[in-house]
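Convention: sequence-line order gives letters A, B, ...; per-chain numbering from 1.
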Amino acid sequence: MSKPSIPQGTRDFTPAEVRRRQYIFGTLRRIFELYGFEPIETPAMENLVTLTGKYGEEGDRLIFKVLNNGLHAQSDEVKGKMTAEWQKMLEKPYSTPAITERALRYDLTIPFARYMVMHQNDTALPFRRYQMQPVWRADRPQKGRYREFWQCDADVIGSTSLINEAELLCIYSEAFHQLQVPVKIKLNSRKVLAGLAELCGVPDKLTELTIALDKLDKIGWDGVLNELQQRNIPVEHVQRISDILDNTQTGNNYTRLNVLKDFFVGSATGLEGLEEISKTLHYFHSLTAGKDLKPNIDIDITLARGLNYYTGVIVEVVCDSDKVKMGSIGGGGRYDDLTGLFGLKGVSGVGVSFGIDRIYDVMEELGVFPTNVVQSANVLVANFGGEEETYALHIVQRLREAGICAEVYPDASKFDKQMKFANKKGFSFVVLPGSEERKEKKVSLKNFVSGSQSLVTIEEAIAVITA
RNA sequence: GAGGCUGUAGCUCAGUUGGUUAGAGCAUCAGAUUGUGGUUCUGAGGGUCGAGGGUUCGAGACCCUUCAGCCUCCCCA
């Protein structure tokens, strides 16, 4: 028999892993709720047309498509058409509802936009929603990259106020503070990037410029210039960016903003972007005044963000620790007209996403999971068979009524086997309801950490266990 | 889509310029120990050496093909 396996880039989770993941989910959920966000869920599958064209060319390629059912049951006439369509799919990137009508969710933002359009009449705006569900991408898996992974998104839709941006920054700060992950939150605006493109005389090359610029810390300035040349962007104007960067490496966010404003006098769009960043920071500091958060927020005009529906402030979170090498663990931004893609115009939204699988990996490497999150049943009731078995069932029920996590060993196996099981599973206590104990209506309670044992009533046992 | 590395027991891995019956640790099961776990000791089970082909008297090892996994680039959470 061949060994079983799971698809590339997917994972099983053991009980200990699920508990640690739930610790992250729980932390985020509490914060989202505290900030007034409400949960929604959407299907794992969307209609393919809902997703295509929303994530750029590369994104389209990475959408997991679902093959239609019943392809064999079509009439000959339909089959002839499908064969032609299939031939096209073999030749170039192409998809058709005749063969793949549905696809797995690629992120949580586009499905949310679709949700908003469909539920616009029964949703009060501004609407704050959070969503924690898996997404799928047909990417090549590698470190920190999976084909199935979970996102936790919080979005505010139906308000253009920058208070929303500031609150989302608060949520980031609060969440990573509670999870004990040191982070740097990079802040930028699509309008600043557009301004840069204007100043460099290539307003139509915004995407190419930003993608190259985004790699600055990886490939250096020379690498960026190289990249730009390959994309047919005249390098001489771009030198301007280098000057700006040189003058904004130091100082706090406010002094840097002032320097940037001087550089951007020629670009109304750029100045608008800087003003947004400035106001966002202002609101953020009002919201966090006196709080014990140490958010490391950094204006970074090289931050690009891949998703091309962003229009305003954009943000990205990276782990700020020498111990951990990991890409971004969260990101987000404002999208002025996302629902417009589905026919609902004039509704602006802003959102952030937590990449919880990467956050998990980072927390594992940092060793910041609380030890008590890995907790299973607390008490094992041994099984001596016969009359004692009935007594054991009575005992385990009494323990559960007292709110104690307890399980009874289901077979009257050899005693040492039951003890080894208890040891391996890490119970705190083992209750021994043997014949001697039953006669006295008592149990032997063994503390499995210390090894000590005493003969007590059930009430006494409950008191000791819950102490 | 491009490149690199690795596939040997359930897991982590040894395996000499190609040489007789492929090993270890961990894990599992049994016993030492039938109402007392962790430690220890003894024993057992477990392998088409990823798959297919080739070279050779002889291949786990060398060559080709293929599949899978990991990593890097691209891109992203």
Separation of the P atoms in rG31(B) and rG69(B), to the nearest angstrom: 41 Å
Pick the P atom in rC49(B) and in rG60(B), then give their distance to the nearest Å. 7 Å
Tyr146(A) side chain, from C-beta outward: closest of rG35(B), rA77(B), rG37(B): rA77(B)
Has Asp153(A) got a side-chain atom pairing as donor or acceptor with Gln131(A)'s backbone, closer than 3.5 angstrom? no
Send over the distance from Asn383(A) CG to rG35(B) P, rounded to a whole Å. 13 Å
Whole-Å distance, Lys442(A) NZ to rG35(B) C1', equals 18 Å
Base, sugar-phosphate, or nothing for Ser353(A), non-hydrogen atoms under 4.0 angstrom? nothing
So, the side chain of Asp214(A) versus the backbone of Leu303(A): is there a donor-acceptor pair under 3.5 Å, distance only? no
Give me the ring orientation class for Tyr55(A) and Tyr106(A): parallel if the planes are under 30° apart, tilted from 30 to 60°, perpendicular past 60°. tilted
Which part of the nucleic acid does Leu62(A) contact within heavy-atom distance under 4.0 Å: base, sugar-phosphate only, or nothing? nothing
Would you measure the distance from the C1' atom in rA59(B) across to the matching atom in rU48(B) and give it in whole Å? 15 Å
Please give, in whole Å, the distance from rU36(B) C1' to Met419(A) CE? 4 Å
Not counting sequence neighbours, which residues clear side-chain contact (heavy atoms from CB on, under 4.5 Å) with Glu388(A)? List them please. Phe384(A), Ser435(A), Arg438(A)
With P as the reference atom in both, quote the distance from rU17(B) to rC74(B) in angstrom, rounded to an integer. 39 Å
Side-chain atoms of residues 25-33 of chain A: list all donor-acceptor pairs with protein atoms under 3.5 Å, sequence neighbours left out, distances to 0.1 Å.
unit_1   : atom_1 : unit_2    : atom_2 : d
Thr27(A) : OG1    : Tyr23(A)  : O      : 2.8
Glu33(A) : OE2    : Tyr130(A) : OH     : 2.6

Heteroatom pairs (N/O) under 3.5 angstrom, protein to nucleotides 26-30 of chain B:
unit_1  : atom_1 : unit_2    : atom_2 : d
rU28(B) : OP1    : Lys424(A) : NZ     : 2.5

Write down the distance between CG (Asn447(A)) and C1' (rU36(B)), rounded to a whole number of angstrom. 14 Å
Distance between the C1' atoms of rG52(B) and rA2(B), in whole angstroms? 27 Å
Sequence neighbours left out, what pairs pass side-chain hydrogen bond (donor to acceptor under 3.5 Å, both in side chains) with at least one residue falling in residues 391-400 of chain A? Gln397(A)-Arg400(A), Arg398(A)-Glu459(A)
So that I can compare with my own list, what are the stems of RNA chain B, taken as at least three consecutive Watson-Crick or G-U pairs with distances under 3.5 Å? B:1-7 with B:67-73, B:10-13 with B:23-26, B:28-32 with B:40-44, B:50-54 with B:62-66
For Glu58(A), what residues pass the salt bridge (Lys or Arg N to Asp or Glu O under 4.0 Å) criterion, not counting sequence neighbours? Arg61(A)
Taking for Pro433(A) and for Asp357(A) the nucleotide of RNA chain B with the nearest heavy atom, the one nearer the 5' end belongs to Pro433(A)
Could Glu407(A) and Lys425(A) be called an ion pair, given the rule that one side-chain N must be under 4.0 Å from one carboxylate O? yes
Can you check whether Phe149(A) stacks with the rA77(B) base, using ring centres under 5.5 Å and planes within 30°? yes
Nearest-angstrom distance from the residue atom CZ of Arg147(A) to C1' of rC76(B): 14 Å
Separation of Tyr310(A) atom OH from rA77(B) atom C1', in whole Å? 10 Å
Trp150(A) atom CH2 is separated from rC76(B) atom C1', nearest whole Å, by 20 Å
Pairwise C1' distance, rC62(B) and rG43(B) [rounded to whole Å]: 40 Å
Which part of the nucleic acid, if any, lies within reach of Glu437(A) when heavy atoms closer than 4.0 Å are counted: base, sugar-phosphate only, or nothing? base
With sequence neighbours excluded, residues passing salt bridge (Lys or Arg N to Asp or Glu O under 4.0 Å) with Lys417(A): none
With Asp139(A), which residues qualify under salt bridge (Lys or Arg N to Asp or Glu O under 4.0 Å), at least two apart? Arg145(A)
Spell out protein contact along nucleotides 69-74 of chain B as letters: B when the base is contacted, S when just the sugar-phosphate is, - when no protein heavy atom is under 4.0 Å; keep the 5' to 3' order. S-BBBB
Tell me yes or no: between the side chains of Asp336(A) and Ser348(A), is some donor less than 3.5 Å from an acceptor? yes
Show me the donor-acceptor pairs within less than 3.5 Å that the side chains of residues 163-178 of chain A make with the rest of the protein, sequence neighbours left out.
unit_1    : atom_1 : unit_2    : atom_2 : d
Asn164(A) : ND2    : Ser159(A) : OG     : 2.8
Asn164(A) : ND2    : Ser161(A) : O      : 3.0
Glu165(A) : OE1    : Arg334(A) : NH2    : 3.0
Glu165(A) : OE2    : Arg334(A) : NE     : 2.6
Glu165(A) : OE2    : Arg334(A) : NH2    : 3.4
Glu167(A) : OE1    : Arg128(A) : NH1    : 3.4
Glu167(A) : OE1    : Arg128(A) : NH2    : 2.6
Tyr172(A) : OH     : Gly331(A) : N      : 2.8
Tyr172(A) : OH     : Gly331(A) : O      : 3.3
Tyr172(A) : OH     : Ser353(A) : N      : 3.4
Tyr172(A) : OH     : Ser353(A) : O      : 2.8
Ser173(A) : OG     : Leu169(A) : O      : 2.9
Glu174(A) : OE1    : Lys291(A) : NZ     : 2.8
Glu174(A) : OE2    : Gln178(A) : NE2    : 3.1

Please report, rounded to the nearest Å, how far the P atom of rU36(B) is from the CG atom of Asp416(A). 8 Å
Once hydrogens and angles are ignored, does a donor-acceptor distance under 3.5 Å link the base of rU36(B) to the side chain of Gln453(A)? yes
Any side-chain to backbone donor/acceptor pair from Asn253(A) onto Ile299(A)? Under 3.5 Å, distance only. yes
State plainly whether the residues Asp357(A) and Arg21(A) are in salt-bridge range, i.e. N to O under 4.0 Å. yes
Between Asp300(A) and Asn188(A), does a side chain to side chain donor-acceptor pair (under 3.5 Å) hold up when you go through it step by step? CA-CA 6 Å; Asp300(A) 181 353; Asn188(A) 195 12; over 6 Å; no
Just checking Gly330(A): base, sugar-phosphate only, or nothing, at a heavy-atom cut-off of under 4.0 Å? sugar-phosphate
So which protein N/O to nucleotides 38-41 of chain B N/O distances come out below 3.5 Å?
unit_1  : atom_1 : unit_2    : atom_2 : d
rG38(B) : O4'    : Asn423(A) : ND2    : 3.1

Taking rC5(B) as the reference, what is the distance to rG38(B) when you measure between their P atoms (whole Å, please)? 46 Å
Given the P atoms of rA44(B) and rA24(B), what is the spacing between them in whole Å? 11 Å
Residues in salt bridge (Lys or Arg N to Asp or Glu O under 4.0 Å) with Glu316(A), at least two apart? Arg305(A)
Classify the nucleic acid contact of Ser435(A) as base, sugar-phosphate or nothing, counting any heavy atom under 4.0 Å across all strands shown. base
